[in-house]
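Structure, as structure tokens:
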Amino acid sequence: MASFDNKEQCDSCGEYHHERSMTFDRFGSLCFSCSDERDLEGAQSFMANLTDTGYDIIHTGGGCTAFYKRFGSCYVMVTQDASHEIIPEYMSDVGLVIGVYPDDLEGQHLFFVNPTHSNWDMISGLVLQAENAAKALNTISAWQKVEA
């Protein structure tokens, strides 16, 4: 809702701000402060969900860390700028790294995405796709070993 001086009302805190200080999306109109808070809550929820679904935090070398989960002969890693800590302010510049790494390719990835937005539902879906790719690669690898 616009005020008499053409300012928009934040749907979260109720304060009025100039249009340039607002974000508009499917959640409505939010001032930058409320939008940043929502992104932080989403990032924290996303990281908690990774931990709850069996992801461990590992050191990948040189002080870098990542969320890590093994699927047989493959593993999935989720990281941001060499850290498992996901900072919403870095999403537009750095994004996330979501990759599937088969053991027999020694550090090379087969499935790799780099979302640079903060739609956490969509990012969770990308992690699920990476897990499905890891499971499929593990099954293919198992069949290749049986046939060999």
Side-chain angles (χ1 to χ4, degrees), residues 8-15 17-148:
E8 297 289 328
Q9 184 176 22
C10 176
D11 292 337
S12 181
C13 67
E15 293 181 11
H17 301 275
H18 192 277
E19 182 178 290
R20 291 186 303 257
S21 301
M22 302 285 289
T23 60
F24 304 93
D25 60 16
R26 65 186 175 102
F27 299 109
S29 304
L30 295 175
C31 65
F32 284 154
S33 296
C34 291
S35 178
D36 290 346
E37 186 176 304
R38 185 191 69 207
D39 283 347
L40 180 59
E41 290 170 0
Q44 290 172 341
S45 176
F46 175 74
M47 289 185 288
N49 185 49
L50 287 175
T51 303
D52 291 346
T53 57
Y55 280 80
D56 295 317
I57 297 168
I58 64 162
H59 294 279
T60 59
C64 301
T65 58
F67 286 99
Y68 165 96
K69 188 173 181 181
R70 180 159 283 285
F71 296 89
S73 64
C74 297
Y75 57 93
V76 174
M77 283 195 341
V78 179
T79 187
Q80 182 186 60
D81 195 25
S83 174
H84 71 281
E85 290 292 325
I86 298 167
I87 301 169
E89 296 87 44
Y90 295 172
M91 288 301 290
S92 62
D93 295 331
V94 178
L96 288 179
V97 175
I98 304 169
V100 176
Y101 301 85
D103 289 343
D104 36 338
L105 291 182
E106 298 179 15
Q108 299 297 315
H109 57 270
L110 288 181
F111 180 85
F112 180 80
V113 292
N114 182 229
T116 57
H117 53 76
S118 57
N119 182 332
W120 301 108
D121 291 336
M122 187 180 291
I123 292 170
S124 293
L126 292 170
V127 171
L128 184 60
Q129 287 178 18
E131 290 176 359
N132 289 336
K135 290 173 188 175
L137 289 170
N138 182 54
T139 302
I140 291 168
S141 176
W143 277 107
Q144 287 174 342
K145 289 178 184 175
V146 167
E147 291 178 355

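What you see below is based on every heavy atom in this structure, not just the backbone, and it leaves out hydrogens, waters and symmetry mates. These numbers come from a predicted model, not from an experiment.
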| Non-neighbouring partners of Tyr68 that pass ring-ring contact (aromatic ring centres under 6.0 Å, His included), sequence neighbours left out | Tyr75
| note | In short, Lys69 meets Gly54 closest at the heavy-atom pair CG-O, 4.0 Å
| Checking side-chain contact (heavy atoms from CB on, under 4.5 Å) for the pair Phe67/Asp56: CA distance, chi angles, key distance, verdict? | CA-CA 6 Å; Phe67 286 99; Asp56 295 317; over 6 Å; no
With a cut-off of 3.5 Å and sequence neighbours excluded, list every side-chain donor-acceptor pair involving residues 123-136.
residue, atom, partner, partner atom, Å
Ser124, OG, Trp120, O, 3.0
Glu131, OE2, Tyr55, OH, 2.7
Asn132, ND2, Leu128, O, 3.4

| query | Just by distance, do the side chain of Asp103 and the backbone of Cys74 share a donor-acceptor pair under 3.5 Å? | reply | no
| said: Show the nearest heavy-atom pair for residues Thr60 and Ala66, with the distance to one decimal. | reply: CG2-CB, 4.0 Å
| message | So, using side-chain contact (heavy atoms from CB on, under 4.5 Å) as the criterion, who are the partners of Ser83 when residues are at least two apart? | response | Thr65, Glu85
| request: Without swapping roles, check the side chain of Gln80 against the backbone of Ile87 for a donor-acceptor pair under 3.5 Å. | output: yes
| query | Are any non-hydrogen side-chain atoms of Met91 and Leu96 less than 4.5 angstrom apart? | reply | yes
| If you take all heavy atoms of Leu137 and Pro102, which pair is closest and at what distance? | CD1-CG, 4.2 Å
| remark: Taken to the nearest 0.5 Å, the spacing of Ile86 CD1 from Gln44 CD works out to 10.5 Å
